[in-house]
Amino acid sequence: MSRTLRVASIAGDGIGPEVVAAALPILDRAAALEDAGIAWEHLPLGADHYLATGETLPQATFEHLRDDVDAIFVGALGDPRVPGNEHAREILLGLRFRLDLYVNFRPVKLYHPDLTPLKPAAARQRGSAAVGAVADPSTRQSLDSPIDFVIFRENTEGSYLARGTAMGEGTADEEQISHEVHTALKAGRIIRAAFDWARAHGRTLVTMADKSNAIPAHRLWQRLFREIGDEYPTIECEHRYVDAIAMEFVRTPERFQVVVTNNLYGDILSDLGAGLVGGLGLAASANLHPGRPGLFEPVHGSAPPLAGKGVANPMAACLTGALLFEQVGLPRAAAALEHAVWSALADGVRTADLGGTASTASAAQVVLAHLA
Ligand code: NAD
Ligand code: IPM
Ligand code: MN
């Protein structure tokens, strides 16, 4: 091995441990293809640990994750036994905020034409070569896809800071006030990250979504988007109100390339995006601060009704591993892993969320076999 990565895993709750267990050998094998190994460190954080000890994210663990690892790999956090979700907020949102992982990078990519619920998708696909490359498993040459865009979700402010006041709780006069915070520094840096990524990846259109017609604070996003966009003359800038973009995602998803938006809208639009291309069982995400260790997690949650049944789709966790490899500088491992998932889908492997009968373990087995 020419390189050993130190990766902390937080399998977490519900289906988290199942998808992480399925993905780990796959990540190991993909890394080996690029002559790298992974030294895994399994952290027992999650609902069980919280209920047993009262601990969410101990300070020493936080410092260890901040100082000593190359990446953090998360399954999912959320458990019906913790109805206030405080452990998940302190672990997941805590790590995003305290490590200042300001880019939440969420690709939306159609890996097989059958996976989209959009009826006319076949007729709208972008160029016949791309259609053939995705639809015909025998070619296996290209991962060109008719729906292929990335959401840049601001990850450190917006509606997620839990700032506000509460009065008269439990009474008829109860009033809950939640502050939505947008600063030039934080909105500006995610907009810049979206443009930088677009330029580095040959994308020519960046779309910013807000609700500035109803929420005056969002005019800050308008100003910054115009100013920063002017610095990227080769990239077209367009604005959409978030309600309108939600409709357009469904009607013409193939026209989007890079979408940048605030924390809450990015959360919602990324589940909508996942729904366009097969659902949460296939949606990956990376929480990044360029130049620092990142936190990598599927977009999905702990899916309590599926937990313990061995039926969760492990592909989102696998694709999340590909994002991890990209970030740590193992591009061949990343490409091989993404290609292996695509190949398994081309083979017809479908877990229940995709309408099939494959188990977590059998789906993972096929992905692993494609990495040989
Ligand atoms: P969810 O993502 O857990 O589930 C939504 C739907 O998608 C369900 O129908 C579920 O069965 C399905 N699904 C999700 N992942 C799947 C997979 N890998 N394979 C097959 N089907 C899958 O969202 P939810 O039900 O709204 O939330 C459940 C819990 O997860 C809550 O506590 C929530 O706060 C938490 N959550 C955590 C994260 C995270 O840890 N990153 C993300 C979202 C939600
Ligand atoms: C996500 C999740 C989280 C979020 C929850 C669990 C707090 O939905 O990662 O998309 O809203 O960011
Ligand atoms: Mn979400």
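Values reported hereafter were calculated over all heavy atoms of this structure, with side chains retained and with hydrogens, waters and symmetry mates removed.
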Flag for T360-E18: side-chain donor and acceptor within less than 3.5 Å: no
Residues passing the side-chain hydrogen bond (donor to acceptor under 3.5 Å, both in side chains) test with T351, sequence neighbours excluded, are N313, D353
For the residue pair H218 and H182, categorise the inter-ring angle as parallel (less than 30°), tilted (30 to 60°) or perpendicular (more than 60°). perpendicular
F225 ring center within less than 6.0 Å of F195 ring center: yes
Determine, for Y160 and R153, whether the Lys NZ or Arg CZ falls below 6.0 Å from the six-membered ring centre while staying within 45 degrees of the axis. yes
Classify the side-chain pair R189/T156 by whether it contains a donor and acceptor separated by less than 3.5 Å. yes
Less than 3.5 Å apart, any donor N or O on the side chain of E86 or Y50 sitting next to an acceptor on the other? yes
The remaining residues in the hydrophobic cluster of M167, counting side-chain heavy-atom contacts under 4.5 Å among Ile, Leu, Val, Met, Phe, Trp and Tyr, are none
Do the ring planes of H239 and Y241 sit parallel (below 30°), tilted (30 to 60°) or perpendicular (above 60°)? perpendicular
Any donor-acceptor pair under 3.5 Å linking the side-chain atoms of Y111 with those of E338? yes
Please report, to 0.1 Å, the donor-acceptor pairs under 3.5 Å made by any side chain of residues 327-336, with sequence neighbours excluded.
none

Only pairs under 3.5 Å count here: list side-chain donor-acceptor contacts from residues 276-291, not counting sequence neighbours, and write none if there are none.
from: S285; atom 1: OG; to: E297; atom 2: O; distance (Å): 2.8
from: N287; atom 1: OD1; to: R96; atom 2: NE; distance (Å): 3.1
from: N287; atom 1: OD1; to: N104; atom 2: ND2; distance (Å): 3.2
from: N287; atom 1: OD1; to: N155; atom 2: ND2; distance (Å): 2.7
from: N287; atom 1: ND2; to: L295; atom 2: O; distance (Å): 3.0
from: N287; atom 1: ND2; to: E297; atom 2: OE2; distance (Å): 3.0
from: H289; atom 1: ND1; to: D100; atom 2: O; distance (Å): 2.8

Under 4.0 Å between a side-chain nitrogen and a carboxylate oxygen: does that hold for E180 and R163? no
Is there a donor-acceptor pair closer than 3.5 Å between any side-chain N or O of H112 and the backbone N or O of D114? yes
Applying side-chain hydrogen bond (donor to acceptor under 3.5 Å, both in side chains), name anything that partners D271, two or more places apart in sequence or on another chain. none
For the residue pair E238 and T207, confirm or rule out a side-chain donor-acceptor distance under 3.5 Å. yes
Those residues at least two apart in sequence (or on a different chain) that pass side chain to side chain contact (heavy atoms under 4.5 Å, CB included) with R192 are D196, I228, E231, Y232
